[in-house]
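Below: the structure, in C-alpha cells.
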Amino acid sequence: MRILLIHSDYLEYEVKDKALKKPEEISENQKKGRLDEVLAVFMSVEKVDEQNPEEIVKKAVKEIEEVVSQVKTNNIFVYPFAHLSSELGSPDVALRILKEIENELKNKGYNVRRAPFGYYKAFKLSCKGHPLAELSRTIVPGEAKKE
Ligand SMILES: C[C@@H](O)[C@H](N)C(=O)N[C@H]1[C@@H](O)[C@H](n2cnc3c(N)ncnc32)O[C@@H]1CO
C-alpha cells in the first residue's frame with residue numbers, strides 16, 4: 001500500500017462520474033463531502049497487500065495514528081486514490097481494506113470520513129505547509145517482498 005498524508009486546512013470533494021463499471025453504491029449526501037482541519041490520507045491498495053489484508057489494515061492504522069498524533073488533529077479523511085502505484089490491487093479487496101481502516105479509526109475515536117470508491121472526483125485541498133504537512137508511507141505484508 002502507498003499512502004500520501006497531507007495535513008490540510010480542509011479537504012472537500014465532489015463525485016463527478018463512475019470510474020469503475022461497478023463503483024461503491026453511495027447515497028445522495030455522499031456525493032459531496034468536506035472536513036476542516038484534517039489529515040487527508042490518499043491510499044493506493046497494491047497487489048502485494050492481497051497476501052495479508054488484515055495485516056495491511058493494522059499497519060496502515062498504526063502509520064496514520066502516528067502522524068495524527070504528530071500534527072495534532074482528530075479529523076481524518078480516508079481517500080481512495082489509484083495514482084500512487086503501478087501495481088494496484090483489485091477493487092474488491094481495495095474497498096474492503098479501506099472500509100476496515102475507516103472502521104478501525106472510528107473505533108479508536110477519530111472523526112473519520114471516507115471518500116466514495118470507484119468514481120472520478122473533483123477535490124480541493126489546502127495543505128498547511130509545515131514540515132510534517134506532507135508525508136508518504138509504503139507498507140507491505142510482513143514476509144512479502146516488493147518486486
Ligand atoms: C480517478 C480518480 O479521480 C480517483 N481519485 C480515483 O483514484 N478513483 C479510483 C478509486 O476510487 C478506486 N480504486 C480502484 N482500485 C483502487 C486501489 N487499488 N486503491 C485505491 N483506490 C482504488 O476506483 C477508482 C478508479 O480506479
Side-chain angles (χ1 to χ4, degrees), residues 1-26 30-35 38-71 73-108 110-147:
M1 175 182 281
R2 304 284 174 134
I3 307 175
L4 174 65
L5 306 105
I6 308 284
H7 188 204
S8 312
D9 299 319
Y10 66 88
L11 166 67
E12 61 182 45
Y13 74 85
E14 180 178 356
V15 167
K16 288 299 180 185
D17 209 346
K18 290 184 178 180
L20 292 177
K21 274 202 200 65
K22 284 173 60 186
E24 176 183 16
E25 289 199 10
I26 56 172
Q30 285 177 287
K31 289 189 174 167
K32 286 184 180 181
R34 177 186 171 106
L35 269 182
V38 64
L39 181 66
V41 185
F42 297 89
M43 287 184 270
S44 287
V45 178
E46 297 185 290
K47 199 94 199 103
V48 69
D49 301 332
E50 295 174 3
Q51 294 175 17
N52 193 335
E54 291 68 31
E55 190 182 359
I56 287 299
V57 169
K58 285 201 176 355
K59 285 185 171 182
V61 167
K62 181 172 176 292
E63 291 291 347
I64 293 166
E65 282 203 281
E66 277 171 16
V67 175
V68 160
S69 66
Q70 288 168 342
V71 301
T73 181
N74 194 49
N75 302 324
I76 302 168
F77 222 123
V78 172
Y79 201 102
F81 200 69
H83 312 284
L84 301 175
S85 170
S86 55
E87 299 142 15
L88 289 178
S90 74
D92 295 351
V93 175
L95 178 54
R96 184 156 63 82
I97 286 174
L98 295 173
K99 281 182 172 177
E100 284 173 20
I101 290 169
E102 173 193 14
N103 292 336
E104 292 241 335
L105 290 168
K106 280 180 178 170
N107 293 342
K108 287 171 178 282
Y110 297 103
N111 174 33
V112 189
R113 289 291 301 272
R114 179 173 58 80
F117 186 95
Y119 295 92
Y120 293 108
K121 295 179 287 298
F123 70 92
K124 290 182 183 156
L125 186 64
S126 169
C127 175
K128 286 182 177 287
H130 60 71
L132 292 177
E134 299 158 282
L135 298 168
S136 63
R137 297 284 187 271
T138 297
I139 51 178
V140 293
E143 54 295 333
K145 297 277 168 287
K146 269 181 85 65
E147 290 79 50

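Here the CG atom belonging to N75 is positioned 11.5 Å from the CG atom belonging to L11, to the nearest 0.5 angstrom. We find the NZ-NZ distance between K18 and K21 to be 11.0 Å, quoted to the nearest 0.5 Å. Distance check: L5 CG to M43 CE gives 8.0 Å after rounding to the nearest 0.5 Å.
Here E66 pairs with K62 under the side-chain hydrogen bond (donor to acceptor under 3.5 Å, both in side chains) rule; sequence neighbours left out. Taking E134 as the reference, nothing meets the salt bridge (charged side-chain N to carboxylate O under 4.0 Å, His left out) condition, with sequence neighbours excluded.
The backbone N or O of L88 lies less than 3.5 Å from no partner atom in the side chain of E46, so there is not a single donor-acceptor pair. A donor-acceptor contact shorter than 3.5 Å links the side chain of K59 to the backbone of V140. Looking at T73, its side chain never comes within 3.5 Å of a backbone N or O of V71 through a donor-acceptor pair.
Salt bridge annotation for E102-K106: present, with a cationic side-chain nitrogen under 4.0 angstrom from a carboxylate oxygen. Salt bridge annotation for R96-E100: present, with a cationic side-chain nitrogen under 4.0 angstrom from a carboxylate oxygen. Electrostatic pairing of K32 and E12 does not count as a salt bridge here, judged by no charged N lying under 4.0 Å from a carboxylate O.
Using a 4.5 Å heavy-atom threshold, the side chains of I97 and M1 count as touching. Residues L95 and R114 have side chains in contact (heavy-atom distance under 4.5 Å, counting atoms from C-beta outward). L4 places none of its side-chain heavy atoms less than 4.5 Å from the side chain of Y79. Between D49 and V93 the shortest side-chain heavy-atom distance does not fall below 4.5 Å. The shortest distance between side-chain heavy atoms of L105 and V61 falls below 4.5 Å. When side chains are defined from C-beta on, I26 counts as touching Y119, because their heavy atoms get closer than 4.5 Å.
Between F123 and F42, the two ring planes are tilted [angle within 30° to 60°].
For the pairing with V41, the side chain to side chain contact (heavy atoms under 4.5 Å, CB included) check across I101, L135, I64 returns one residue only, I64.
Nearest approach of R113 to Y13, heavy atoms of both residues: NH2-OH, 3.8 Å. When every heavy atom of P23 is checked against every heavy atom of G118, the shortest pair comes out as CB-O, 3.3 Å. Counting all heavy atoms, side chain and backbone alike, P116 lies closest to P80 at O-CG, 4.0 Å. When all heavy atoms of Y110 and E65 are compared, the closest pair comes out as OH-OE2, 2.8 Å.
Among residue pairs with one or both ends in residues 120-130, those qualifying as side chain to side chain donor-acceptor pair (under 3.5 Å) are H7-H130, D9-S126, D9-K128, E37-K128; sequence neighbours excluded.
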